[in-house]
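I have placed the structure first, in the form of structure tokens, so that the comments after it can refer back to it.
Remember, it's 1-based here, ligands and their atoms both numbered in the order they're listed.
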Amino acid sequence: MTEQTDVSFGEQGAQLTYGSYLAVPELLSCQRLRSPAHDELLFITVHQVYELWFQQLLHEAAAARDAMLAGTAGEDGDLWRAQHLLRRVATIEQVLVQQIDVLETMTPQDFLQFRQLLAPASGFQSVQFRELEFLSGAKDPAYVDRFRGLTDDERQRLARRLAEPSLWDAYVSVLDRAGLPTGDEGALLGSLREVAHDRASYAAQWELAESLLHHDELAAAWRARHVVMVERMIGAKSGTGGSTGAGYLRSRLDLRYFPLLWELRSRL
Ligand code: HEM
């Protein structure tokens, strides 16, 4: 016989609370303002929320990559999981693009009240942002050298991302296991065309390619949205991280993680 108790579900032991489980006191003590400016709290909060989402994106994208690598010929389960996780990646990235609107409610004058206190700190030094680029396939080791003040742990994380397979490497392994040629760019492009034209046979491969493209498209959308916001905030001034500012950011707008998936569009 089950024991009768008047304790509701979840109350047994009564050890855990909302605040202790989510570490709310710790979380709310991480916004350390450096000025009396009203808008500095918004600036810090928005950046911290980004870093939390970057952590989540790395968790999801790495798992999607692993699911693609783990699959074996004829087994669709892992490809379904990769697809499922990449859909989540894109949904989070849509939030990241929209979130710029919140920061943009700050005026340039109000930003100037505390901007000089930020230098030389800059979003350029977001380790997780660069990890995401490396994990996606845009592996440029020069960025590691351009970082200032990396901890040993951060340096190791970046080195590991440079060394490990990217999302693109994993997708190539999926094509390979489907029996499609992947030897060089020409062969890969041919295989991508085959997948695109024979969706009945390659449904999972096609859907994965589209999800990767969506991730790429949303990363490009974030870069475009960020630079316009930067121009609205600081015009042509140089960045706190020491770059030319909007000029540097505009030079990155053409970056694509999966150039062959874009090239495919011209070849269909
Ligand atoms: C007032 C708002 C902002 C301004 C004026 C601004 C300005 C800039 C500038 C000028 C750069 C170029 C590097 C430098 O010299 O500093 C940069 C880079 C960057 N910012 Fe922002 N930013 C703002 C908000 C944000 C937010 C909310 C994020 C979210 C995490 C962010 C993430 C980044 C990243 C990741 C880079 C490096 C981009 C790359 O290397 O392609 N920024 N930002």
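- Looking at Trp206 and Asp198, their side chains never bring a donor and an acceptor atom within 3.5 Å of each other.
- Here is the list of ligand 1 atoms found below 4.0 Å of a heavy atom in Phe43: 1 (C), 2 (C).
- In this structure, the protein non-hydrogen atom closest to atom 39 (C) of ligand 1 is Tyr248 OH, 3.3 Å.
- Taking any N or O of Gly241, backbone or side chain, at least one lies under 3.5 Å from an N or O belonging to ligand 1.
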Quick one, Tyr248 with Phe124, criterion ring pair (Phe, Tyr, Trp, His ring centres under 6.0 Å). Give me CA distance, side-chain angles, the key distance, then yes/no. CA-CA 11 Å; Tyr248 160 73; Phe124 188 81; 5.7 Å; yes
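- Among protein heavy atoms, the minimum distance from atom 26 (C) of ligand 1 is reached at His47 NE2, 3.2 Å.
- The protein heavy-atom contact nearest to atom 5 (C) of ligand 1 is Phe111 CE2, 3.7 Å.
- Note on ring orientation: taking the six-membered ring where Trp is involved, the planes of Tyr50 and Phe54 are tilted (angle from 30° to 60°).
- Contact annotation: the side chain of His226 never approaches that of Arg252 to less than 4.5 Å [non-hydrogen atoms, C-beta and beyond].
- Around atom 21 (Fe) of ligand 1, protein N, O or S atoms at less than 2.8 Å comprise His226 NE2.
- Between the side chain of Lys139 and the backbone N or O of Leu162, at least one donor-acceptor pair lies under 3.5 Å.
- Under a 4.0 Å heavy-atom criterion, Met229 is in contact with ligand 1.
- Ligand-side atoms of ligand 1 in range of Gly245: 10 (C), range being under 4.0 angstrom from any heavy atom.
- Both cation-pi conditions hold for Arg223 and Tyr257: the charged atom is under 6.0 angstrom from the six-membered ring centre and inside a 45 degree cone around its axis.
- No side-chain donor from either of Gln55 and Glu51 sits under 3.5 Å from a side-chain acceptor of the other.
- Grouping the Ile, Leu, Val, Met, Phe, Trp and Tyr side chains by contacts below 4.5 angstrom, directly or via other members, places Val95 with Trp222.
- In terms of polar-atom proximity, defined here as any N/O pair under 3.5 Å, Ser126 makes no such contact with ligand 1.
- Proximity to Arg130 (heavy-atom distance under 4.0 Å) selects the following atoms of ligand 1: 37 (C), 39 (C), 40 (O), 41 (O).
- A donor-acceptor contact closer than 3.5 angstrom links the side chains of Ser166 and Asp169.
- For ligand 1 and Leu103, the ligand atoms under 4.0 Å from any heavy atom of the residue are 2 (C), 24 (C), 27 (C).
- With sequence neighbours left out, the side-chain hydrogen bond (donor to acceptor under 3.5 Å, both in side chains) criterion links Glu185 to no other residue.
- Heavy atoms of Met106 found under 4.0 angstrom from ligand 1 belong exclusively to the side chain.
- At the top of the distance list for atom 32 (C) of ligand 1, counting protein heavy atoms only, stands Trp222 CH2, 3.6 Å.
- You'll find the ring centres of Phe111 and Phe43 inside the 6.0 Å limit.
- A donor and an acceptor atom, one from each side chain of Gln31 and Thr45, are nowhere located under 3.5 Å apart.
- Backbone and side-chain nitrogen or oxygen atoms of Ser243 are examined, and one is located within less than 3.5 angstrom of a nitrogen or oxygen of ligand 1.
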